[in-house]
Amino acid sequence: MSEPLVVLERVNKHFGDLHVLKDIDLTVGRGEVVILIGPSGSGKSTLCRTINRLETVESGSITIDGKTLPEEGKELAALRADVGMVFQSFNLFAHKTILENVTLGPVKVRGMKKADAEKRALELLERVGVAHQAEKYPAQLSGGQQQRVAIARSLAMDPKVMLFDEPTSALDPEMITEVLDVMVELAKSGMTMIVVTHEMGFARKAANRVVFLSDGQVVEEGTPEQFFTNPQSERAKDFLGKILTH
Amino acid sequence: MGEIFENYDVLAAFGMTLYLTVFAAIGSLLLGTVLAVMRVSPVGVLRRLGSFYINTVRNTPLTLILLFCILGAFYILKLEFTPASSPTWVRDNGIRWAIVGLAVYHAAFVCEALRSGVNTVPAGQAEAARSIGLTFAQSMREVILPQAFRGAIAPLGSVLIALTKNTTVASIIGVAEASGLMKVIIENQTASVTVFLVFALGFVILTLPVGILFTALSRRLAVKR
């Protein structure tokens, strides 16, 4: 494996009595694309959100590019700027235009000049295919378009790693492909990605590794081909049986 | 009737009402915004300070707050806005302390209106703001508050209307606003229904457009999701 970029060691988290993450160890190398998959309530989304500390953890350590996640404050903000995040519900800033959504981070966090930020934003919007919508507001765009803008917004920060928390789960079926295409292209460009998804097509096309979680534990991991065609654990066989038979 | 308008400057009295309203509104908006940010901040001490302020001020009658300002702060503690050498010393300090008292009192309501506005902003907006690396202050300024203000326009309008009418309390500390003049007229001239209606109409003229304006604004500026 390439040089490790994101390293989680013995990470534990509870929601009340529920032990959602149990001693999770996970290492993601630079340029690697890792899929987190598992039944609902398995902790995969929570795990994804702990990596930029949208969820705090109780024990264990998380390091990104050698730096341990700091406590809430300026340092954490600086670290988050290097970690892109794409949400299930897009979360574009509703009162700002598409262009402003993409330039906000570069201008306010990176101190980029507005004109430069806009030029770069338009390039990124072009790359995800929504440049012609730059002056519109998020509510005027379809879900697929909004999610592609959200990807562009993250890319504008030149992140070291990108987290995707079920990026296609809130989309109408015909819009899933347009978002996945952008993600495949991103994976091919060498971006380090951690993706929570059930999209097997994407996993096979773009992922280096699939990590299967169940009840807050990493049960199995392997290449997409290994995992989908020949799962080892009973839990994974059962899960794949359920999502493949319908 | 005409005699009243001849002998008393009704318009000037309403001018004072307007003056108190405008400056107290600006003060309460600023203070209320600071309080609202404190109440949603991740720092526990600030949150507790904010709730302490709200619980204390909101539950104290405005009359007491204004009396405290004039008797406590001004006469006893000698906190003056204009020096005693000024010929309008009592009048000016009365007006300014009235503005302070009104602003302090209504800031509590502005804060709560804004906080309800903050609650209309989905949690995902704040998460997205944090995840692109904005600090708490930046995400407040750039993402949360602009949307919160738009979500809070209607309740903020109600606070402004209440503030306009509450300026009448300033008459108890000797500020010559509209209701103060009404009392004078009733005492010196007549306690006719007409006098009362004139002043009631004056307040309607001040507050009705505010209500209409804020309702229109709240529709127009609503954040589409």
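Numbered from 1 within each chain, the chains take letters A, B, ... in sequence-line order.
- Atom NZ of A:K44 sits about 8.5 Å away from atom CG of A:L213, to the nearest 0.5 Å.
- For residues 62-76 of chain B, no residue pair satisfies the salt bridge (charged side-chain N to carboxylate O under 4.0 Å, His left out) rule, not counting sequence neighbours.
- Listed options B:V223, B:V143, B:L221, B:L134 were ranked by heavy-atom pairs under 4.5 angstrom with chain A; first place goes to B:V143.
- The stretch residues 63-74 of chain B participates, sequence neighbours left out, in no salt bridge (charged side-chain N to carboxylate O under 4.0 Å, His left out) pair at all.
- Taking all atoms of both residues into account, the shortest heavy-atom contact from A:T27 to A:P4 is CG2-CB, 3.5 Å.
- Nearest approach of A:P70 to A:L79, heavy atoms of both residues: CD-CD1, 4.2 Å.
- Every residue meeting the side-chain contact (heavy atoms from CB on, under 4.5 Å) condition with A:M112, not counting sequence neighbours, appears here in chain and number order: A:P106, A:D116, A:A117.
- The side-chain heavy atoms of A:V6 and A:I51, taken from C-beta on, include a pair separated by under 4.5 Å.
- Chain A forms the most heavy-atom pairs under 4.5 Å with one residue out of B:A128, B:P42, B:G133, and that residue is B:G133.
- Residue contact with chain B, scored on non-hydrogen atoms closer than 4.5 Å, is absent for A:L163.
- B:L160 and B:A25 make their closest contact through CD1-CB, 3.7 Å (heavy atoms, listed as atom of the first residue, atom of the second, distance).
- In this structure, chain A has heavy atoms under 4.5 Å from both the backbone and the side chain of B:A129.
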Inter-chain polar pairs, chain A versus chain B: which donor-acceptor atoms lie under 3.5 Å apart?
unit_1 : atom_1 : unit_2 : atom_2 : d
A:R49  : NH1    : B:E127 : OE1    : 2.9
A:R49  : NH1    : B:E127 : OE2    : 3.4
A:R49  : NH2    : B:E127 : OE2    : 2.6
A:N91  : ND2    : B:G124 : O      : 3.3
A:L92  : O      : B:Q125 : NE2    : 2.7
A:A94  : N      : B:Q125 : OE1    : 3.4
A:H95  : ND1    : B:Q147 : NE2    : 3.1
A:H95  : NE2    : B:E142 : O      : 2.8
A:K108 : O      : B:Q138 : NE2    : 3.2
A:K108 : NZ     : B:E142 : OE2    : 3.3

